[in-house]
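See below for the structure under consideration.
Below, chains carry the letters A, B, ... as their sequence lines are ordered, and counting in each starts from 1.
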Amino acid sequence: MKGITSNMAGTVFKVLVQPGQSVAEGDDVVILESMKMEVPVSAEESGTVKRVAVTEGDFVNEGDLLVEWE
Amino acid sequence: MLQKILIANRGEIARRIIRTCKRMGIRTVAVYSEADETALHVQDADEAVAIGPSQVQKSYLNVDAIMEAAKATGADAIHPGYGFLSENSDFARRCEEEGITFIGPRPEAITQMGSKIAARGIAKAAGVPIVPGTEEAVASAEEAVQMAHAIGYPVLLKASAGGGGIGMVVANTDEDIRQTFENAQKRVASYFGDGTLYLEKYFLHPRHIEIQVVADTHGQAVHLGERECSIQRRHQKVVEESPSPVVSPELRDKMGAAAMALAKRLKYTGVGTVEFILTGEHEFYFLEMNTRLQVEHPVTEEVFGIDLVEWQIRIANGEKMDSTLLSVTPSRHAIECRLYAEDPVRMLPSPGTMTRFDAPVMKGLRLEMGFREGDKITPFYDPMIGKIITAGSTREEARKRMVEALSMFSVEGIKTNLPLLTNILENEHFVRGETHTGFIDEYMK
């Protein structure tokens, strides 16, 4: 299983993708928010979204799975 | 005389205000969110009132809860600190209506400086040079492109209601504007409830210089020189100092006079800061006025040997500024570093529990810390843990003291920007005073 993980602890501010969607390398998939700062998390390679593991408002730690990849 | 002040803030600034109140014999009320129940500012105050859940909208921005706390404790004044409600004119007006002294300027002055577009107009009318840009809000990407052609690239898209760099976008081409305009508008609307954007000329590598002004309710005003705050990341300040290594006495007089002209035009009262950018050619342009105490106010206090919070309170109390303040002269150089809970390389927030927090004690060092060992730095608020301020008879002495102080900190459990601060302070360009707003991007990456 491949996935995109969180790069910091914070709240999921926005989920920008849905299952089945194909995403290119560098596209933002989730925007995290922490300490008054929004940080986009982008795809490191192109692929298709299998599952979104978080919903907006969720709290995540650094390293938590955000999006599962195919 | 004010008897009891409620501090509508948290962290280091709440503690710093409480300290001055104690020295003046004024009782203090802290307010706190769920996340801050055991925070130091709560323990420092004479009384403390819970005002809601951790999210800022439900606690530190919750006007009803804060007014209720003030009434329940019999506070006769509210000090808003910086951030949160400090530049909210509705809040200042509400205090007025409820017979509680708001420690800050009149609500009208806050409103006038709160809208960047209105502020530009007033500054212009006061004869203060302004950055070339739009006089009106920009409604669409195409309109922005038209205006960018008139001003000349690069341009900066800014939030009218914003602050702290949120929503700012630098555009070098028409394409840049078309790609970013809508997003910037949305982001700004979600943050400030007002998506109004405007456009101004962007200067590459200017310095950020600001003038501290103090004005009383008897028509007296004074400026306390400049602070240079050029070292920034994401448009937020990291290192500040006073005096600036490049501001000559003549330039200081000119910038001071401009700041005072604006304060006079606003019939400003209390402490306030007029921010300018200074170009390589030593031309200065008005950026904005912060109608509150600044985060970096301690550098001015250290240079002049005064207490700005004390003067805020005395002015709110209707007192006249005395000759000691009106004729005070700078005697030292001071530097402030903001200690952030963030990854020093990626500069991303790093919330968590500080399992170790050792801070040094030494000559010429002042610490303003909001947290202690064992405290949790939560993701709900600003990442600033506190401020480190050093002073010396020369810039080099203050700088060396800062390098030494930084080396003596020991923080574990979270990442901090301490390594970045040390790198900045030891960088040859910083040593030579060659600072500009692109400093971190240029030399620290």
(message) How close do B:Pro349 and A:Met8 get, counting heavy atoms only, and between which atoms?
(response)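 It is CD-SD, 3.5 Å.
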(message) Given heavy-atom pairs under 4.5 angstrom as the criterion, report whether the side chain, backbone, both or neither of A:Asn7 touches chain B.
(response)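 For A:Asn7, backbone and side chain are both near chain B.
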(message) So if I take each residue of residues 373-386 of chain B and look for any heavy atom under 4.5 Å from a heavy atom in chain A, which residues do I end up with?
(response)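 Listed by number, the contacting residues are B:Ile377, B:Thr378, B:Pro379, B:Tyr381, B:Asp382, B:Pro383.
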(message) Any heavy-atom pair between the side chains of A:Met37 and B:Gln236 that's under 4.5 Å?
(response)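 No; the side chains remain at least 4.5 Å from each other.
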(message) A quick test of your reading: do over 12 heavy atoms of other residues, nucleotides or ligands sit less than 6.0 Å from CD of B:Glu182?
(response)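 Count not over threshold, so no.
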(message) If you count heavy atoms of other groups shown closer than 6.0 angstrom to CD of A:Glu44, is the number above 12?
(response)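 12 or below, so no.
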(message) I'd like to check the side chain to side chain donor-acceptor pair (under 3.5 Å) partners of B:His41; sequence neighbours left out, ordered by chain and number.
(response)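 B:His41: no side chain to side chain donor-acceptor pair (under 3.5 Å) contacts found.
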(request) Please list, chain by chain and in numerical order, all residues satisfying side chain to side chain donor-acceptor pair (under 3.5 Å) with B:Glu296, sequence neighbours excluded. (result)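 With sequence neighbours excluded, B:Glu296 shows a side chain to side chain donor-acceptor pair (under 3.5 Å) to B:Lys237, B:Gln294, B:Arg338, given in chain and number order.
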(request) Applying salt bridge (charged side-chain N to carboxylate O under 4.0 Å, His left out), run through B:Arg346 and A:Glu62 and close with a yes or a no. (result) CA-CA 13 Å; B:Arg346 301 183 304 154; A:Glu62 188 174 339; 3.6 Å; yes
(request) State which residues pass salt bridge (Lys or Arg N to Asp or Glu O under 4.0 Å) with B:Asp90; sequence neighbours excluded, sorted by chain then number. (result)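 For B:Asp90, the residues satisfying salt bridge (Lys or Arg N to Asp or Glu O under 4.0 Å) (neighbours in sequence not counted) are B:Arg93.
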